[in-house]
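Structure, as structure tokens:
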Amino acid sequence: MHLGLDDDELTSCVACGLCLPHCPTFVITGRDTESPRGRIALMRAVQDEGAPVTGEVLRSMETCVQCLGCETACPSGVPFGHLMEGTRAALAAEGHITPRWQRLGLRLLRHRRLLLAGSTLLALAGRLRLLPMRRLGLPARLPLRRGRHRASGSDVWLFTGCVMDAWQRHTHLAVQRVLEAAGVGVTPTAGAAPCCGALHAHAGLAPDAAAMARQVMAALSGDDRPVLVDSAGCGAAMKHYGRLLGTAEARDFSARVFDVHEWLADRLDALLDSRPAAPLELTVAVQDPCHLRHAQRSHEAVPVVLGPFVRELVTLDDDGLCCGAGGAYSMLEPELATAIRSRKTAAVERSGASVVASANPGCSLHLAAAGLDVRHPLELVAQALDSGGDG
């Protein structure tokens, strides 16, 4: 089977092993087939040597969290994320991975009204204890009601997406309050751009991801407004539309996409001057989502924006290692995801922090399920602005 991978990219790995301590699955299992270099070796065997797609190959590819920690660590610049996306796309096209039930679930993300209605029913079932929410990898209490989106101006788009808007709309509303405090007029995308396609790309459903990218671009075209994103995974996907679609239009669109912290960091003075806000009396650990740190390389903006609004920020001693959320990974690979998360929760406990700040919905839900108090960084900023710092 030919995986359609670029030969130069595939041979750029020299198997030096410097990526191994940065790969969450290798750290847990110690198996080379669940490391970046081992996965690349299997890709080469399938594409170049005609090796069969065995259960070992499928297990190796499906257990990858796609965190890209290996890319940051790699001295050779191996584009592992691109190789993994291509491999998963080829395997999904042949029906080897991403079963029909998963494809149907992902298709729902394109239909906002159905998603919101389904999420409300799921929340009700959880409250009535009709479903084992935690066993399914879901939050114990999903929201039954959500605040309303409203536009306050046309300076920027705020991308609201799919699952995050259904389960964590309060975060979008807090982010909008912070932007408005900095004097920015905000238009939430709401139903205009229902899904960025990130989960579809991770699952190997490249045609679906491309279709959703075109839908987002069409909905937000017609002006040069910045598109601000408060979900690290969505932001990473949208910044890579140029590569996904391979068009100048897509590259131009991606250049308009910013993580909200990245954009606010250059406008921090306007936010600090907007109103008095004493820091919250909290010690906060910043957990860098992988798609902010390794994919977007924008993670350094988070402490810049959050720092003035809390008493103390602390750095985790496993900084840069994945928490195990990985989009839908925590539901699809619960055993590995839980083991990876345990290392992260231990790091949080060692830090002495009472609150964890995470700028990605999957990470925050996954860590909260372990009993941590997890909030979006701009929720904390909004709290400080709203309360004058009373923590």
Side-chain angles (χ1 to χ4, degrees), residues 3 5 10 13-46 53-74 76 78-92 96-98 102 137 198-199 201-204 232-233 236 287-295 316-348 358 360 362-363 365-367 369-370:
L3 299 174
L5 305 178
L10 199 54
C13 175
V14 297
C16 67
L18 291 177
C19 60
L20 299 181
H22 305 274
C23 175
T25 52
F26 179 80
V27 167
I28 294 298
T29 69
R31 290 192 286 268
D32 209 53
T33 53
E34 294 183 22
S35 75
R37 69 179 184 186
R39 290 177 171 117
I40 290 175
L42 290 174
M43 293 174 194
R44 287 174 176 166
V46 172
V53 179
T54 62
E56 180 186 45
V57 171
L58 296 179
R59 180 66 183 162
S60 175
M61 304 309 160
E62 289 189 298
T63 55
C64 177
V65 194
Q66 300 184 69
C67 68
L68 305 184
C70 55
E71 282 199 6
T72 303
C74 181
S76 301
V78 177
F80 181 82
H82 196 212
L83 291 170
M84 179 55 68
E85 284 186 5
T87 298
R88 290 180 67 85
L91 294 175
H96 290 300
I97 63 171
T98 318
Q102 189 179 348
L199 294 178
H202 288 182
Q287 182 264 334
D288 290 328
C290 295
H291 281 85
L292 193 60
R293 186 183 186 102
H294 303 304
L316 299 179
D317 57 21
D318 73 338
D319 209 19
L321 197 63
C322 183
C323 73
Y329 186 87
S330 60
M331 286 187 260
L332 299 173
E333 298 289 342
E335 186 175 340
L336 265 176
T338 300
I340 295 168
R341 183 181 62 190
S342 294
R343 297 178 67 90
K344 183 65 67 177
T345 55
V348 173
S358 180
N360 191 62
C363 300
L365 292 170
H366 187 50
L367 293 171

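Model, not experiment: these values are computed from the prediction. Positions are given from 1, in the same order as the sequence printed here.
Nearest approach of Ala232 to Asn360, heavy atoms of both residues: N-OD1, 3.3 Å. Ile340 and Val65 make their closest contact through CD1-CG2, 4.1 Å (heavy atoms, listed as atom of the first residue, atom of the second, distance). For Ala198 against Gly233, the heavy-atom pair with the smallest separation is CB-O, 3.9 Å. Residues Ala337 and His366 approach most closely at O-NE2, 3.3 Å, considering heavy atoms.
Ser60 contributes no side-chain N or O that, together with a main-chain N or O of Glu56, makes up a donor-acceptor pair within less than 3.5 Å. Side chain of Thr98 to main chain of Ala203: a donor-acceptor pair is present (N/O by atom type, distance under 3.5 Å, no hydrogens or angles).
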What donor-acceptor contacts under 3.5 angstrom involve side-chain atoms of residues 16-28, with partners at least two apart or in another chain?
unit_1	atom_1	unit_2	atom_2	d
Thr25	OG1	Glu34	O	2.8
Thr25	OG1	Arg39	NH1	3.2
Thr25	OG1	Arg39	NH2	3.2

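To the nearest 0.5 Å, the span separating CD1 on Ile97 from CZ on Arg88 amounts to 4.0 Å. Note that the NZ atom of Lys344 and the CG atom of Asp318 stand 3.5 Å from one another [nearest 0.5 Å]. Summarising the geometry, atom CZ belonging to Arg44 is positioned 13.0 Å from atom CG belonging to Leu3; distances are rounded to the nearest 0.5 Å. From Leu5, atom CG reaches atom CD1 of Ile40 across 10.0 Å, with rounding to the nearest 0.5 Å. Phe80 contributes atom CZ, which lies 8.5 Å from atom SG of Cys67 (distance to the nearest 0.5 angstrom). Met84 contributes atom CE, which lies 4.0 Å from atom SG of Cys64 (distance to the nearest 0.5 angstrom).
For Ala15, the side chain to side chain contact (heavy atoms under 4.5 Å, CB included) partners are Arg37, not counting sequence neighbours. Among residues two or more places apart in sequence or in another chain, the side chain to side chain contact (heavy atoms under 4.5 Å, CB included) test is passed with Leu365 by Pro139, Trp167, Gln168. Partners of His202 by ring-ring contact (aromatic ring centres under 6.0 Å, His included), not counting sequence neighbours, listed by chain and number: His291. Residues satisfying the side chain to side chain contact (heavy atoms under 4.5 Å, CB included) criterion with Leu68, sequence neighbours excluded, are Glu71, His294, Ala295. Here Cys74 pairs with Ser76, Val78 under the side chain to side chain contact (heavy atoms under 4.5 Å, CB included) rule; sequence neighbours left out.
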Stepwise side chain to side chain contact (heavy atoms under 4.5 Å, CB included) test for Glu62 and Leu332: CA-CA 9 Å; Glu62 289 189 298; Leu332 299 173; over 6 Å; no
Taking it one step at a time, do Leu367 and Gln287 satisfy side chain to side chain contact (heavy atoms under 4.5 Å, CB included)? CA-CA 10 Å; Leu367 293 171; Gln287 182 264 334; 4.0 Å; yes
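The side-chain heavy atoms of Leu91 and Leu58, taken from C-beta on, include a pair separated by under 4.5 Å. Between Leu336 and Thr29 the shortest side-chain heavy-atom distance falls below 4.5 Å.
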